[in-house]
2 protein chains.
Amino acid sequence: MNSRTARLKSIKRIISEYHVTSQEQLLAFLKKENVSVTQATLSRDLKLLKVGKVSDGNNGYYYTLPRNRKEMESTQQYIHDIARGFLCISFSGSLCIMKTLAGHANSVASALDNLEMDEVLGTIAGDDTILVVLKENLTSKQFIASLKSIIPELEIE
Amino acid sequence: MNSRTARLKSIKRIISEYHVTSQEQLLAFLKKENVSVTQATLSRDLKLLKVGKVSDGNNGYYYTLPRNRKEMESTQQYIHDIARGFLCISFSGSLCIMKTLAGHANSVASALDNLEMDEVLGTIAGDDTILVVLKENLTSKQFIASLKSIIPELEIE
DNA sequence: TCACATTTTGTATGTTTATTCATGTTAAAA
DNA sequence: TTTTAACATGAATAAACATACAAAATGTGA
């Protein structure tokens, strides 16, 4: 194992074990384990590991590892499938109709299912049309906002 | 509604709707809605809203709202309950024994249940002792690391 | 209304994180 | 082996974000 790989491993462990709040602090932890790098490298490492920084619910922030890679990658895949097939969307109460490219309804609907959005109760797909049943009282605006936040490249309206 | 409250609302909406990657970008979004503030204020607003910054799974980072406040606060409560009662921990295979202050076993165990850690299959509490059944193949080290990452103030070993 | 406290904000500046650029290192190709 | 390309790193620096402090805005009790 080369030094970079070892360092990345250490970083993961340290981040999962402590509430690390800055790269400087992480640097200190690594130093204690005789790993010596500069802040610049840590910045690159954290990006590589896709480490995020979230609130401790109190007044500070700490680094977090992303949900595991598999899960992440498949999410990306679903998003891609939806963006690929999606054409337009319309609503009637809690029912939502999505039109897709011919033959894409199934892939889009199944991707939508797999995303397990709270807002979606279920889907039925034809060939180029999907019926999405939404949670009661959810407005079309809210659902569109959620979709957009997950799939920024979606062009709605 | 005063201007600050309105602004916070706008920020939440914008962040949930777009992949905002910097305060400068957020500033631009707000400007389009005729909300005029400085970066300094946004920094404070984001901290107030406990907004985090996470990987887009690709190569960038964007702001995210925290899980809803209720959930967050109750999590903090559980953590507090555990830290309050916890004394020490020991292991035998996938079984873990936690000793707590007299009478605290129940509150600690129920808090532990409520945290819904993947690692924990179930708990049984007496008066000052809890039996925690862990997922198979989980090492005591791993479990302790998880606990510490959730409850940094815990002093183990 | 005034006087006073509290909150919110901008400016200036400090701190933290990301990037550029030069250099070293490793791995593959010839 | 030498050459070349890709990658990894540190130093310096730029960009992004946070904060101290003063001023402005807002609230509160008389």
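Residue numbers begin at 1 in each chain, while the letters A, B, ... track the order of the sequences.
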Which nucleotide wins on minimum distance to the side chain of A:R44, given the candidates D:dA20, D:dT9, C:dA18?
D:dT9
Using modelled atom types and a 3.5 Å cut-off, is there a donor and acceptor pairing between side-chain atoms of B:Q142 and backbone atoms of B:T139?
yes
With hydrogens left out and only the distance checked, is there a donor-acceptor pair under 3.5 Å joining A:Q39's side chain and the base of C:dA18?
yes
Mind calculating the distance between OH (A:Y61) and C1' (C:dT17) to the nearest angstrom?
16 Å
Could you state the atom-to-atom distance from CG of A:L27 to P of D:dT9 in whole Å?
13 Å
When all nucleic acid strands are considered with a 4.0 Å heavy-atom cut-off, which category describes A:Y63: base, sugar-phosphate, or nothing?
sugar-phosphate
Once you measure the plane-to-plane angle for A:F143 and A:F91, does it fall in the parallel (<30°), tilted (30-60°) or perpendicular (>60°) bin?
perpendicular
B:L26 CG to D:dA18 P, in whole Å, measures 12 Å
Approximate separation, where rounding is to 0.5 Å, of B:L48 CG and B:R4 CZ
5.0 Å
Closest to side chain of B:S22, choosing from D:dT9, D:dC17, D:dA18:
D:dC17
Using whole Å, report how far CZ of A:R7 lies from P of D:dC7.
16 Å
B:T38 side chain near C:dG10 phosphate (N/O to OP1/OP2, under 4.0 Å):
yes
How about A:R7 and A:D45: do any of their side-chain heavy atoms sit closer than 4.5 Å?
yes
Rounded to the Å, how far apart are A:L42 CG and C:dA18 P?
10 Å
Return yes if the base of C:dT6 and the side-chain atoms of B:R4 contain a donor-acceptor N/O pair under 3.5 Å, otherwise no.
no
Which whole-number value in Å describes the distance from A:Q23 CD to D:dG10 C1'?
14 Å
Has the side chain of B:K53 got a donor or acceptor atom that lies under 3.5 Å from a matching backbone atom of B:T21?
yes
Heavy atoms only, 4.0 Å cut-off, all strands: where does A:E24 land among base, sugar-phosphate and nothing?
sugar-phosphate
Measure from NZ on A:K47 to C1' on D:dA8 and round the result to the nearest Å.
16 Å
Quick one: A:Y62 OH to C:dT17 P, roughly how many Å, whole number?
16 Å
Considering just the side-chain nitrogens and oxygens of B:K53, establish if one lies under 4.0 Å of OP1 or OP2 belonging to D:dA16.
no
Sugar-phosphate, base or nothing in reach of A:T41, heavy atoms under 4.0 Å:
sugar-phosphate
